[in-house]
Each structure stands twice: as C-alpha cells, then as structure tokens.
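Comments concern the structure below.
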Amino acid sequence: MRRISLRSGNGIPFLSFFADSAITVRTCSSFHYSKESISVKDKICVKSSNLDDAVNLFHQMVTMKPLPSVVDFSKLLKNLINRKHYSNVVSLFREIMINSYCLMYRVDCAFSVLPIYLQNGIPFNAVTFTILIRGIFAQNNVKDAVELFFKKLVKEKICEPNQVTYATVMNGLSKRGHTQKTLSLLRLMEQGNTKPNIYIYNIVIHALCKDGNFDAAIKILNEMKQKDIPPDIVTYNSIIDGLCKLGQWEKVKTLFSEMVNLNMYPDVYTFNILTDGLCKEGKVEDAKEVMKHMVRKGIDPNIITYNVIMDGYCLRGQVDRARRIFDIMIDKGIKPDIFCYNILINGYCMTKEVDDAMQLFCEISQKGSKPDVVTYNTILQGLLKLSAGFIPDFYTHGIVINGYFKNGLVEEALSLFNKLEGNREINDIEFYNVVINGLCKTGKLDEARAIFEKLYLIGLLPNARTYNKITNGFCLEGLLDEANDMLRKMEENGILPNFFTYNALVRGFLRCSKITEMTTFMKEMTGRGFSFDATTTELLLEVLRESPSVLDMILDLHSKIMK
DNA sequence: GACGATAGGA
C-alpha cells in the first residue's frame with residue numbers, strides 16, 4: 001500500500017519557471033488498432049484470394065491485438081502450401097514467424113522454427129537473435145536470454161550483435177533489476193566494435209536513476225557528453241523522474257534550466273513526470289496547475305496525466321474528486337484503460353466504499369476493458385480490510401489458486417498449493433479439485449494425474465467433480481480411451497457420471513471428429529436423461545459448419561441405434 | 001527495412 005510522502009518543502013516554483021519559457025508543441029502519435037470487420041477465419045477460407053492477399057493477411061494478423069490463434073496462422077500457411085507457394089511460406093517464416101511467436105509468448109515455438117532457417121540455408125542475423133532474446137525476456141527468463149546472447153553471439157560469434165541487440169539485452173536486464181549487469185554491458189560495448197549510442201546510454205541512465213544512484217547517472221551523463229553523444233529529452237526525463245520521486249525539487253529545477261538552455265523543451269512525458277511527483281506528495285492543486293500550463297503550451301494531457309491526477313486525489317482519500325476527473329477525461333474522448341479503473345477501485349477500497357468499487361469492477365468488461373492481476377489484488381485487499389481478523393480457510397486458498405490458473409500464473413498456483421499441502425492445512429477434496437482442474441486446463445495433464453492418483457494415499461476420496469475434471473483433462477488432450485476408462489472407473493467406485501461428465505466426453509469425441517463413437521455415446525447419455533450443454537452445442541454447430549456432411553452421419557447412425 | 005530508450009495502478 002502506498003502513502004503520500006510527507007517530505008518537507010513548500011510550494012514548487014515550477015509555474016513561474018515555465019511562464020517565461022517558450023515551449024514548442026510536440027504532437028504525440030497514438031496507436032489505433034483497426035477493427036476487423038471480417039474474421040480471420042473467414043479471410044483464410046476465401047479460396048479465390050491471391051498470393052499477395054495471403055501475404056498481406058499474414059502481416060495484418062501479426063499486428064492484431066489479441067493475436068489470432070496458432071491454428072489460424074497454420075491454416076493460412078497450409079493454404080499457401082496447398083497452392084504450392086513453398087518459397088513464400090519460407091520467406092514469411094523468415095520475416096515474421098519468430099517475431100509473432102515471441103509476441104505470443106511462445107518462445108518454444110519460435111525456437112522450433114530455427115531448423116527451417118538451417119535447412120534452407122538462410123543465414124542467422126542480428127535481427128533474428130534480437131527478436132528471440134526479446135521474446136525470452138518477455139517470459140521473464142533472464143538466464144536463457146543472457147545465455148543465448150553470450151554463448152551464441154559473443155562466444156560462438158554466429159553473428160555480430162548490433163546496437164539494437166545490445167539495447168534489447170540491456171533493457172531486458174535493467175527492467176528486471178539487474179542494473180550492474182546493464183552497466184557491465186555498456187563497458188563491454190565501449191571496448192568492442194559496436195559502440196554505444198544514445199539509446200544505450202539512456203537505458204543505463206534510466207536504470208541508475210530508478211535505483212536512486214544519481215552520482216553514477218551524472219557520471220555517465222558526463223561520459224556521453226565527452227564522447228560527443230549529446231543527451232536528449234529522454235535522458236533528461238529519466239533523471240528528472242528519479243529526482244521527482246525523491247522529492248529533490250531544487251535539483252529538478254537545475255536540470256530544467258540546463259534543458260531549456262540546450263533548446264530542449266518539456267514534452268508530455270516531462271509534464272507527466274512532474275505531475276506525478278507533485279501528486280505523490282499530496283500536492284494535487286499544484287499538479288493541476290502544471291496540467292493547465294501544459295495545455296497553454298499546446299501539449300495535450302493524455303490518459304497518463306489524468307490517471308496521475310486521479311491517483312493523487314485517491315491518495316488523499318478524495319475519491320469523489322478523482323471520479324470527477326474520470327468523467328471529464330471520458331468527456332474529452334479518452335477511453336479509460338485498466339489503470340484508470342484500478343486507480344479508482346483502489347480509491348474506493350481505501351475509503352471502504354467496496355460497493356462502489358464492485359460496481360466499477362463490473363463496468364470494466366462492459367466498457368471493453370479487462371480486469372488484470374492488479375484489479376483483483378486491489379479488490380482482495382479492499383475486502384480483507386473490511387473483515388479484520390479474518391483467517392483464510394481452504395476455500396479462500398482455492399479461490400486464489402483458481403485465480404492464478406485462470407490468469408495463466410501456473411507456477412504461482414503450484415507454489416501456493418505446495419506450500420499449503422506441505423503444511424497439511426488442506427484436507428478437503430474440493431481444494432484438490434481446483435488444482436486438478438487448473439492443471440488440466442493449462443495442459444499439465446501428467447501433473448493433474450499424479451495428484452489424482454495420490455489422493456487415496458492421503459485418505460481423500462475423489463467425488464464426481466474430481467472425476468469430471470480429470471476426464472475433461474483427458475478429453476482436452478484427445479486421450480479419449482483414458483477418458484472412457486475414467487468414466488468406467490467412476491462407475492465402479494459407485495459415483496454416477498452426470499451431465500458434466502457426458503458433456504466433457506461428447507466434446508472430446510467432437511474435437512477428434514469421432515462421430516461414430518460420439519453418436520453411440522449419445523445413446524447412453526440420452527438414455528440417462530442428459531442433454532448437451534451450451535458449450536457442447538456450440539462446438540457441435542462449429543463442426544457442422546465446417547463439415548455439413550457430419551449431420552447426415554449423425555442422423556443416420558442415430559436412427560440405426562434407435563431401431 | 002526489420003529490432004531498441006522516458007511517464008500512470010495493488
């Protein structure tokens with residue numbers, strides 16, 4: 001939890017300082033993701049599309065947010081292969097495959113593409129490696145990223161890393177707290193062929209400022225000046241940000257003079273940094289003056305400016321005022337992002353207005369955003385505040401573990417599970433059901449199975465839900481025989497398969513296109529009075545759309561069975 | 001030409 005800093009120092013003389021300076025206007029560009037009117041699937045299916053269309057579609061697909069599934073990518077490539085455009089498939093790979101896999105956080109897939117490079121004699125270059133390294137960092141796998149860099153590029157010299165490669169490695173390291181390693185790489189560059197440029201220096205200076213190591217930052221600043229690489233607005237913004245966060249306003253003022261003397265004028269980043277610094281000290285009024293000033297200078301406040309001011313009000317417990325800023329922002333045509341909601345939800349939680357917090361939480365998905373881990377943490381914290389002395393039980397832990405799995409945080413989920421299991425705090429089958437389900441849904445069937453088989457050792461009897469989760473797990477992996485065995489095992493142990501069991505199996509058959517088996521199975525299912533649920537029906541319709549002949553097959557088999 | 005640096009939330 002954050003508090004307003006109570007550092008001394010009255011009135012910040014920025015406003016008078018700005019008043020005389022001629023600040024140039026900087027337009028800021030923003031990204032807009034184009035809305036796809038026709039789905040990717042439809043586009044891929046268009047058989048008449050020519051080669052250029054396919055290549056263009058591929059380029060469009062990699063820039064889409066969220067990215068289309070691997071299946072869609074594969075379909076498009078398969079389409080090209082079917083039309084014998086082999087060389088184009090390879091070149092598409094060369095251009096985008098690895099990057100798109102990395103963007104999808106599937107570095108494993110990205111590496112699986114590398115043999116194609118080898119087979120086709122395509123040389124590795126710095127760009128390929130940079131993309132890979134960035135992807136590995138995105139998975140927070142610092143060790144592998146650094147190893148790839150040092151082993152393949154520095155030691156084996158597969159290709160010469162360029163400035164971007166260094167920038168990527170250094171940025172990856174510094175963002176994860178490895179400032180010293182970042183600094184060492186700067187020194188390595190200075191001795192090597194690839195000399196550091198402004199980007200490299202900015203990464204190092206930013207890292208040092210984040211650590212509050214201004215002496216070192218200023219030292220680097222002087223070094224770059226000596227090497228005739230003049231600091232730019234990014235350099236100054238990083239240093240000013242660090243100083244603002246420490247409340248060193250006098251030094252900030254000095255740097256401002258230096259900047260303006262160099263004909264460098266504050267941009268939207270600079271103003272946001274100042275606004276945030278003031279808000280965090282509880283000086284929202286001063287922050288609003290800065291905001292008015294930037295408008296006068298022709299720099300439009302952006303979503304971050306509004307968020308910073310909103311957070312400033314929330315920190316002082318004035319969530320109503322924050323809410324008014326939120327409404328003003330929307331009036332100005334800025335679409336709130338997840339930060340806006342989290343700030344306001346936190347504000348409501350701080351004043352124990354959990355009802356308002358929950359109402360806002362419900363608005364998030366209605367307005368087209370998505371709650372993230374911070375949203376849930378904030379609400380959890382708010383709820384826990386309401387119930388002082390509350391002790392979590394197995395159910396609470398189950399909810400948290402389920403939340404981890406749903407958000408793809410498998411390691412966190414397992415770590416909490418192992419901790420609780422080791423403490424023998426948990427002796428309820430429902431808790432294990434949550435873990436088994438999470439593992440099955442994230443493709444860790446073996447681990448789910450291991451836990452399932454261990455249950456009797458700890459004296460817990462699986463219930464219908466346990467069997468359903470594991471059966472569904474088998475079905476998701478296409479292991480229909482195992483799923484069927486589980487169904488029979490369930491019956492042997494005196495637990496009747498239910499609506500969910502049958503639906504899981506039918507979906508399994510459908511996914512594997514085992515129509516005959518499915519139809520036979522439907523007899524047993526309907527015989528026991530169970531029908532399809534919404535998910536199964538949807539899947540069935542999807543299968544029928546793709547191959548309408550299946551319907552005849554089902555009807556034919558069904559009539560035979562019913563005779 | 002692709003690939004890189006600065007501001008906001010628990």
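Chain identifiers are assigned alphabetically (A, B, ...) following the order of the sequence lines, protein sequences preceding nucleic acid strands; residue numbering begins at 1 within each chain.
Heavy atoms of A/Leu380 sit nowhere under 4.0 angstrom from any nucleic acid atom. Among the heavy atoms of the strands lying under 4.0 Å from A/Ile338 is at least one base atom, whether or not backbone atoms are also near.
Scored by the ring-ring contact (aromatic ring centres under 6.0 Å, His included) test, A/Tyr306 finds no partners at all (sequence neighbours excluded). Take A/Lys251 and apply the salt bridge (Lys or Arg N to Asp or Glu O under 4.0 Å) test, not counting sequence neighbours, and it matches no residue. Not counting sequence neighbours, A/Thr194 has no partner by the side chain to side chain donor-acceptor pair (under 3.5 Å) test.
Of the residues in residues 318-334 of chain A, not one comes within less than 4.0 Å of DNA chain B through any heavy atom. Within a heavy-atom distance below 4.0 Å of DNA chain B, the residues of residues 189-200 of chain A found are A/Asn197, A/Tyr199.
Below 30°, between 30° and 60°, or above 60°: for A/His293 and A/Phe271 the angle between ring planes is between 30° and 60°, a tilted geometry.
Of all heavy-atom pairs spanning A/Val154 and A/Lys157, the tightest one is O-CG, 3.6 Å. Residues A/Lys195 and A/Gln163 approach most closely at O-NE2, 2.8 Å, considering heavy atoms.
Close to B/dA5, at under 4.0 Å from its OP1 or OP2, lies a side-chain N or O of A/Asn171. OP1 or OP2 of B/dA7 has at least one side-chain nitrogen or oxygen of A/Lys210 nearer than 4.0 Å.
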Working for side chain to side chain donor-acceptor pair (under 3.5 Å), residues A/Thr168 and A/Asn171:
CA-CA 5 Å; A/Thr168 306; A/Asn171 187 41; over 6 Å; no
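The stretch residues 311-349 of chain A participates, sequence neighbours left out, in these ring pair (Phe, Tyr, Trp, His ring centres under 6.0 Å) pairs: A/Phe326-A/Tyr341.
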